[in-house]
Amino acid sequence: MQKEFKFEILAELGVISESNKGWRKELNVVSFNGNAPKYDLREWAPNHEKMGKGITLTETELEALKKILIG
């Protein structure tokens, strides 16, 4: 039996891009299955009813990425 998948968007930090079909690539803070929230970068359908593949980052990982991008 497959476990039910749950998510809760705790904070919407920003939209990076939007496709002509309305899907948006967003950076959010999300809790998956009641676990500790993480920074989440992925595409979302309008109203967040569906999600695409993405990546999640802890705050430490996000800070490391920021240092790489900024230099």
Side-chain angles (χ1 to χ4, degrees):
M1 180 184 231
Q2 191 173 18
K3 183 180 176 183
E4 184 178 353
F5 178 72
K6 295 180 183 178
F7 68 90
E8 180 181 4
I9 298 174
L10 303 173
E12 296 181 30
L13 302 177
V15 175
I16 295 170
S17 63
E18 184 170 345
S19 75
N20 57 1
K21 294 184 179 182
W23 283 66
R24 301 186 325 171
K25 193 171 290 176
E26 302 178 11
L27 179 63
N28 298 315
V29 177
V30 182
S31 172
F32 292 99
N33 293 323
N35 292 314
K38 291 189 177 185
Y39 292 91
D40 181 74
L41 179 62
R42 74 180 63 244
E43 288 188 331
W44 291 90
N47 301 316
H48 298 123
E49 69 269 10
K50 292 183 182 180
M51 67 177 82
K53 291 182 180 179
I55 62 167
T56 59
L57 302 166
T58 64
E59 188 164 351
T60 302
E61 292 168 331
L62 184 66
E63 287 297 325
L65 177 60
K66 181 180 173 182
K67 286 180 185 177
I68 291 168
L69 294 173
I70 295 175

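FYI, side chains are in, hydrogens and waters are out, and symmetry mates aren't considered; it's all heavy atoms of this structure. In what follows, residues are counted from 1 in the order of the sequence shown.
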Inset, instruction - Rounded to the nearest 0.5 Å, what's the gap from CG on Leu65 to OG1 on Thr60? Could you check? - result: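 If I round to the nearest 0.5 Å, the distance is 12.5 Å.
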
Inset, instruction - Working to the nearest 0.5 Å, report the span between CD of Glu59 and NZ of Lys38. - result: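 Nearest 0.5 Å value for the CD-NZ distance: 13.0 Å.
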
Specify the closest pair of heavy atoms between [X] and [Y], including all atoms of both residues, with the distance to one decimal.
X	Y	result
Thr56	Glu61	O-OE1, 4.0 Å
Trp23	Met51	CZ3-C, 3.9 Å
Ile55	Arg42	N-NH2, 4.3 Å
Lys25	Leu41	CG-CD1, 4.2 Å

Inset, instruction - May I ask you to test the Tyr39-Val29 pair for a side-chain heavy-atom distance under 4.5 Å? - result: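 Tyr39 vs Val29: side chains touch.
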
Legend entry - Counterpart residues, ring-ring contact (aromatic ring centres under 6.0 Å, His included), relative to Trp44 (two or more places apart):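 Trp44: ring-ring contact (aromatic ring centres under 6.0 Å, His included) contacts with Phe7, His48.
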
Legend entry - Joint hydrophobic cluster, Leu13 plus Leu62, side-chain heavy atoms closer than 4.5 Å: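 Yes; tracing contacts between hydrophobic side chains, which count when under 4.5 Å, links both residues.
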
Inset, instruction - Answer yes if Leu57 and Phe32 sit in the same cluster of Ile, Leu, Val, Met, Phe, Trp and Tyr residues linked by side chain heavy atoms under 4.5 Å apart, and no otherwise. - result: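 Not linked; separate clusters.
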
Legend entry - Inter- and intrachain pairs under side chain to side chain donor-acceptor pair (under 3.5 Å), touching residues 6-19, at least two apart: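 Listed once each, the pairs would be none.
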
